Amino acid sequence: MRLTSPFTIELTQAEREVLERLADSRTAPFGQVQRASVILALAEGMSNAATARAAGRHVDTVRSWRKRFTAERLAALVDRPRPLGRPRLSAEDKLQVIAAATAQPPTADTVWTHRLLSDHLRRSGLAVSASQVGRILACVDLKPHLVRGWLTRPADPEFSAPWRIQSRMNPRRINPALH
C-alpha cells in the first residue's frame with residue numbers, strides 16, 4: 001500500500017509558469033529556486049522521499065514545504081523571518097558592566113577578571129557571561145585585569161607625600177620647561 005500525502009498539490013497554469021521561471025532562474029535567491037523546483041516535482045506526483053533525495057534536503061523539510069504551499073500557494077516560496085537569537089544586552093546593561101569594571105574589586109589583593117566581573121554582576125541581578133564581559137570591555141578598550149591601581153585603587157595620602165617633598169626640592173620635576 002502506497003502512502004500519499006493529504007496535502008495534494010495541483011497547480012494552475014499561471015502558478016506553473018511562475019514556478020518554472022523561478023526554478024530556472026539564476027538571479028533569484030537560492031532558497032526560492034529550490035522551493036520552486038521541489039513544488040514542481042511534488043506537483044508532478046513524486047513522493048516526498050524521492051523529492052527530498054533529488055533536492056538534497058531532508059524529507060521533513062519537503063513535507064513542511066508541501067504543507068505550506070497548499071496553505072499559502074506562491075507566497076510560501078518567500079523566506080520566513082528568522083529569530084534574532086538570544087536577547088542582547090541593553091545600553092544600560094553594558095554601562096553597568098563598565099561601571100563594575102571601573103569600581104573597587106571585591107578584595108584589596110585582587111584585580112577584576114572577566115569571570116570575577118561576571119560573577120559579581122550575576123549576584124547583583126545582571127546575567128552576563130565572562131566572554132560577554134570581555135567583548136563589552138574590548139569595545140571600550142578597557143582592560144581592568146591589566147590595570148593595577150589607577151582605575152580602582154583608593155587615594156593613598158602617603159603615596160603623594162614623597163612627591164611633594166621631591167617637587168619642593170626640585171621644581172623642574174613639576175615643570176620641565178623651567179630647565
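Nothing here was measured: the structure is a model prediction, and the numbers come from that model. Just so it is clear, the values below take in all heavy atoms, side chains as well, and ignore hydrogens, waters and symmetry mates.
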Over 12 non-hydrogen atoms of neighbours within 6.0 angstrom of CZ in Arg115:
no
Note, [X] side chain near [Y] side chain (heavy atom, < 4.5 Å):
X      : Y      : value
Arg21  : Val18  : yes
Asp60  : Asn48  : no
Arg123 : Asp119 : yes
Leu11  : Phe69  : yes
Ile98  : Val140 : yes

Can you see which heavy atom on [X] is nearest to which on [Y], and at what distance?
X      : Y      : answer
Arg122 : Val128 : NH2-O, 3.3 Å
Ser118 : Ala130 : OG-N, 3.6 Å
Ala101 : Leu142 : CB-CD2, 4.0 Å
Val33  : Ala28  : CG2-CB, 3.8 Å

Evaluate the criterion side chain to side chain contact (heavy atoms under 4.5 Å, CB included) for residue pair Arg63 and Phe7; output intermediate values, then yes/no.
CA-CA 9 Å; Arg63 280 189 198 116; Phe7 302 102; over 6 Å; no
Step-by-step side chain to side chain contact (heavy atoms under 4.5 Å, CB included) determination, Leu117 to Leu137:
CA-CA 11 Å; Leu117 277 167; Leu137 296 180; 3.8 Å; yes
Rounded to the nearest 0.5 Å, how far does [atom2] of [Y] lie from [atom1] of [X]?
X      : Y      : atom1 : atom2 : result
Gln32  : Ile39  : CD    : CD1   : 12.5 Å
Leu22  : Leu77  : CG    : CG    : 6.0 Å
Leu121 : Asp93  : CG    : CG    : 9.5 Å
Arg53  : Ser47  : CZ    : OG    : 6.0 Å
Lys94  : Ile136 : NZ    : CD1   : 6.0 Å
His58  : Ser64  : NE2   : OG    : 11.0 Å

Hydrogens and angles aside, do Arg135 and Gln132 bring a side-chain donor and acceptor to less than 3.5 Å of each other?
yes
Evaluate Arg16 against Glu44 for salt bridge (Lys or Arg N to Asp or Glu O under 4.0 Å), listing each step before the verdict.
CA-CA 11 Å; Arg16 181 173 296 279; Glu44 297 285 325; 3.3 Å; yes
So if you build clusters from Ile, Leu, Val, Met, Phe, Trp, Tyr with side-chain heavy-atom gaps below 4.5 Å, do Leu126 and Leu116 land together?
yes
Please check if Val38 and Val59 belong to a single hydrophobic cluster, counting links between Ile, Leu, Val, Met, Phe, Trp and Tyr side chain heavy atoms closer than 4.5 Å.
no
Are the side chain of [X] and the backbone N or O of [Y] linked by a donor-acceptor pair below 3.5 Å?
X     : Y     : value
Trp65 : Ala76 : no
Arg66 : Leu42 : no
Glu15 : Thr12 : yes

Is Glu72 paired with Arg35 through a side-chain N to carboxylate O contact shorter than 4.0 Å?
no
Determine whether Leu74 and Leu19 satisfy the following criterion, side chain to side chain contact (heavy atoms under 4.5 Å, CB included), listing intermediate values before the conclusion.
CA-CA 8 Å; Leu74 291 176; Leu19 288 170; 4.0 Å; yes
Checking side chain to side chain contact (heavy atoms under 4.5 Å, CB included) for the pair Ser124/Gln96: CA distance, chi angles, key distance, verdict?
CA-CA 10 Å; Ser124 66; Gln96 187 177 352; 3.8 Å; yes
